[in-house]
Amino acid sequence: MKTLIIAEKPDMGRNIAAAIDPKAKNHRTYLEGEQYIITWAIGHLVELAEPDAYDPKYKRWNINDLPIIPDSFKLVPNRKTIDQLKVIAELAKRCNMLVNSCDAGREGQHIFSLIQRHLKLSHPVKRLWISDLTPETIRKGFAELKDGAEYENLTKAAKARSEADWLIGMNGSRAFTTKHNELISVGRVQTPVLALIYDRQKQIEAFSSQQFFELEGHFTQGQTTYRGLWQGDRMTDRAKADALAAKVSGKQGQIASYEVKETKEYPFKLYDLTLLQREANSRYGFSAKKTLDLAQALYEKHKVISYPRTNSNYVTEQNIPEMHKTLAALQGTAYDAWVRGANRQLVHKGNKFICNPARVEDHHAILPTPRRANGLSADEQKLYDMIVRRFLSQFYPAAEYKVHTVLTEVEKESFKTTVKELLGLGWKVIYADQKKEKAKTPKGKEKEEEDEEEVEVNEPFSLVPGAEVLCAKAAVKEKETQPPKHYTEGTLLKAMESAGKQIEDEELREAMKDAGLGTPATRAATIERLKKVGYVTMQGKKLLITQKGRTVIELIRGAGIDLLASPEMTGHWERRLNEISRGAASDAQFMENVKKFAAMIVDKVRVQARAAKTLFEGEATKQPGGAKRRGRAVGESAGKARAATKATSATKKGATAKDGASPSIVAHCPRPGCGGVIFMGRKGYGCSNYTQGCKFVIWKENYGRMLTDAQVKALIEKGKTGKMKLVRPDDTLAEGRLIVKSVETGELAIEE
């Protein structure tokens with residue numbers, strides 16, 4: 001009898017056939033040769049059954065029927081792909097052995113296990129575990145097939161993950177939906193991720209911008225000029241800053257201290273999937289899902305990169321010869337000049353920055369393969385280019401700098417200067433044709449602060465400590481403290497990786513990887529799910545929570561089920577799943593805890609008061625052109641009175657429904673003779689006298705910004721905000737203040 005090989009997708013099945021049995025005959029749904037029959041799963045052919053498969057009463061959603069906790073979970077075929085499942089069942093009858101060739105990871109293991117369990121296949125199983133789909137790797141993998149039993153713990157973890165998600169999703173979603181008469185989706189991973197976005201939004205809204213002043217001295221010594229920042233407590237008094245500027249301007253000074261030390265910056269780590277998604281989002285604006293899809297195409301279709309769904313930034317000793325082989329294969333390509341400049345001796349088994357087997361579990365870092373990249377789409381090429389450059393940079397030495405730290409004293413006032421003098425580009429030559437790759441900000445230091453204090457120069461820099469220095473001029477800069485930034489998909493992925501903890505230390509971040517929210521393979525789907533159910537919306541690259549998303553988190557926390565929205569707790573669950581996959585924890589105990597938690601969710605929701613319908617009415621309907629279009633619309637008067645009415649009346653309804661209190665007053669209406677007060681609505685800030693004809697309203701979204709209460713209050717009371725980055729009506733970027741152009745309508749304008 002023959003051996004049945006089950007791949008995850010048709011492309012993978014055909015790649016395997018081409019490598020190990022090129023004469024196999026194509027039968028459309030499978031390929032058959034003398035020794036092997038190769039077929040595929042097309043993703044999930046088998047799923048966990050819906051609740052009504054256990055009892056018909058569950059067809060109706062009723063909170064009194066909850067919790068639904070099956071003794072054992074039933075499996076059902078996916079109706080869309082049931083024909084392929086039947087093909088596998090028939091082919092298995094003709095074979096005496098199975099080879100699990102699904103993706104080498106937890107989900108691939110799960111897909112095969114579901115098929116095996118549903119079809120009751122009792123054949124001996126071997127496991128193909130490979131990291132790329134080149135013919136050489138496939139043949140090597142088949143020569144070294146593992147026994148299926150070696151992956152039993154991974155199967156247990158995959159099963160536990162799937163059933164835990166079912167229990168939390170089914171019970172939580174049904175409980176909240178039936179209680180509040182609104183379709184509410186909750187999930188083991190998606191809800192804590194939504195909580196991250198909610199908490200960040202609340203921080204931004206609660207932030208009150210503070211104005212402060214910086215004093216910058218411009219110094220000369222001989223032919224050398226440099227700048228320094230005044231060292232002292234933050235100044236909030238303009239008069240004090242101006243007085244200090246006058247005190248030192250045009251005066252002689254001296255260098256109080258001057259330190260020079262040489263430093264090195266080593267290449268960035270090789271990509272894992274999350275890091276690749278983060279950087280592709282930052283550089284090209286790719287969503288996490290788009291990056292994953294592109295990477296999967298580069299892996300499966302083009303076979304030019306290794307397995308992308310990895311959480312490791314390192315390789316094993318076995319990968320080092322392959323890396324050298326790939327480097328040689330890149331000769332004669334667009335990367336030829338960098339290949340010729342590469343130092344092959346830098347990539348070796350002893351280089352722990354690259355080769356660290358202890359930090360490689362299922363798969364090594366993403367690497368290009370020796371296969372030539374042809375026929376890539378424009379976006380595939382961009383992602384491939386990122387991976388190749390990161391790979392090539394490992395064959396280059398560190399970038400070398402001389403860091404000059406200077407304290408200049410003038411009239412007993414100190415100014416600090418940090419000059420980073422480039423000695424050798426090293427690996428950064430790979431990125432010289434792109435926007436400069438910035439080194440990571442030192443721990444605890446704000447990016448803006450670092451940018452002001454450190455200047456990078458390419459020409460030699462030196463000062464004479466004993467010689468005099470002239471403060472040619474002193475300039476006062478007006479600044480404002482900045483709120484936390486909205487999450488982008490890239491920064492959200494980083495937060496998911498560390499379960500929401502703000503961890504800058506790389507070693508600690510690495511240790512947290514197995515306790516993140518979801519896995520590298522599932523994080524993109526989680527973000528897409530939040531968009532699909534209407535909990536978040538995109539504004540450019542920014543992820544904004546909708547009114548419905550806010551209400552869901554507030555209801556969950558209001559019910560006393562904080563753990564359901566806890567990134568840290570869900571991170572602990574993910575760590576436990578990883579321990580199960582290594583045989584270090586019990587899947588049965590994990591599932592018992594999940595069942596208790598699902599029952600607790602239902603009990604808490606059952607006694608919760610029903611939320612008002614208005615709390616779910618969202619402001620996040622996305623208009624074409626996003627924030628920029630809305631910014632232009634501010635100047636249009638048509639429909640303004642109607643919008644003001646909606647903004648104000650919605651505020652009244654929302655606040656009253658939520659807590660029985662009156663809506664909060666932001667300020668008195670600035671329109672002459674009006675006498676009304678300004679309330680915050682869902683879309684804007686409107687006047688209480690709208691029924692008497694007051695048309696004053698300020699939209700929350702203006703010129704590419706989501707305004708805070710403090711900024712609106714400043715506009716109403718002072719007529720302007722502090723300086724901020726804005727988007728002009730012609731879609732170009734500007735830095736300036738928002739001002740009230742018309743106190744009759746609330747129309748705003750930019751003052752640059």
Side-chain angles (χ1 to χ4, degrees), residues 212-236 240-241 244-268 353 396-429 431-432 435-479 481-482 504-507:
F212 67 97
F213 302 92
E214 282 186 353
L215 179 61
E216 185 179 80
H218 293 247
F219 305 102
T220 61
Q221 186 190 72
Q223 299 299 310
T224 305
T225 62
Y226 64 99
R227 293 176 297 162
L229 276 182
W230 179 75
Q231 300 298 289
D233 294 335
R234 176 172 280 179
M235 292 186 286
T236 56
K240 179 184 176 182
L244 277 172
K247 177 183 177 182
V248 299
S249 188
K251 302 292 176 61
Q252 294 290 337
Q254 63 272 337
I255 294 172
S257 72
Y258 182 28
E259 291 181 5
V260 181
K261 72 174 182 181
E262 293 191 359
T263 63
K264 293 183 177 182
E265 286 183 16
Y266 290 91
F268 295 129
F353 289 103
Y396 277 74
E400 296 183 359
Y401 294 91
K402 193 183 282 185
V403 179
H404 305 256
T405 306
V406 187
L407 273 181
T408 306
E409 198 170 276
V410 182
E411 297 293 307
K412 296 184 179 179
E413 302 294 341
S414 291
F415 295 81
K416 184 179 179 182
T417 304
T418 305
V419 174
K420 193 173 172 185
E421 178 191 345
L422 178 66
L423 301 178
L425 264 179
W427 62 273
K428 292 191 176 184
V429 70
Y431 297 94
K435 186 178 177 182
K436 186 172 71 174
E437 296 265 324
K438 273 207 73 67
K440 197 170 59 178
T441 302
K443 186 177 180 180
K445 190 181 279 284
E446 292 296 325
K447 184 177 184 296
E448 291 84 355
E449 182 186 339
E450 183 209 14
D451 288 348
E452 291 294 337
E453 287 191 359
E454 186 178 275
V455 177
E456 190 170 319
V457 298
N458 294 331
E459 64 277 358
F461 178 88
S462 67
L463 294 170
V464 180
E468 282 195 337
V469 173
L470 174 67
C471 181
K473 68 172 183 175
V476 175
K477 289 186 171 183
E478 182 181 317
K479 298 211 163 183
T481 55
Q482 297 298 310
E504 294 302 326
D505 184 85
E506 280 298 323
E507 292 293 318

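Being a predicted model, the structure only gives us computed values, none of them experimental. Computed over heavy atoms, backbone and side chain alike; hydrogens, waters and symmetry mates excluded.
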Review point. Got more than 12 heavy atoms from elsewhere within 6.0 Å of CD, Q252?
Key: yes
Taking the side chain as every heavy atom from C-beta outward, state whether V406 and I255 have any pair of such atoms under 4.5 Å apart. yes
For this session: Over 60° means perpendicular and under 30° means parallel, so classify the ring planes of H404 and Y258, tilted if in between.
Result: parallel
* To do: Carefully, step by step, assess L422 and K428 under the rule side-chain contact (heavy atoms from CB on, under 4.5 Å).
  => CA-CA 11 Å; L422 178 66; K428 292 191 176 184; over 6 Å; no
d(L425 CG, N458 CG) to nearest 0.5 Å is 7.5 Å
Rounding to 0.5 Å, atoms CD (E468) and CZ (F219) come to a distance of 13.5 Å
Distance col, row T236:OG1 vs F212:CZ, nearest 0.5 angstrom, shows 10.5 Å
Of all heavy-atom pairs linking K473 and S249, the shortest is CA-OG, 3.6 Å
I'd like to check Y226 versus T408 (side-chain heavy atoms, cut-off strictly below 4.5 Å). Are they in contact? yes
**Report entry** Check: Q221 side chain, V464 main-chain N or O, donor-acceptor pair, under 3.5 Å
**Finding:** yes
Decide yes or no for E413 and L215: does some side-chain heavy atom of the first lie under 4.5 Å from some side-chain heavy atom of the second? no
message: Would you say that K402 contacts V260 through its side chain, given a criterion of any heavy-atom pair below 4.5 Å between the two side chains?
response: yes
Partner of E214 under salt bridge (Lys or Arg N to Asp or Glu O under 4.0 Å), picked from K479, R234, K477, is K479
Scanning both residues in full, the closest heavy-atom pair of E421 with P460 reads OE2-CA, 3.3 Å
Original post:
More than 12 foreign heavy atoms under 6.0 Å from CZ of F461: is that the case here?
Top reply: yes
Correct closest heavy-atom pair for A241 and F213 would be CB-CB, 3.9 Å
Exercise. Ion pair present between K420 and E265, side-chain N to carboxylate O less than 4.0 angstrom?
Worked result: yes
TODO: Please confirm whether W427 and Y266 have ring centers closer than 6.0 angstrom.
DONE: no
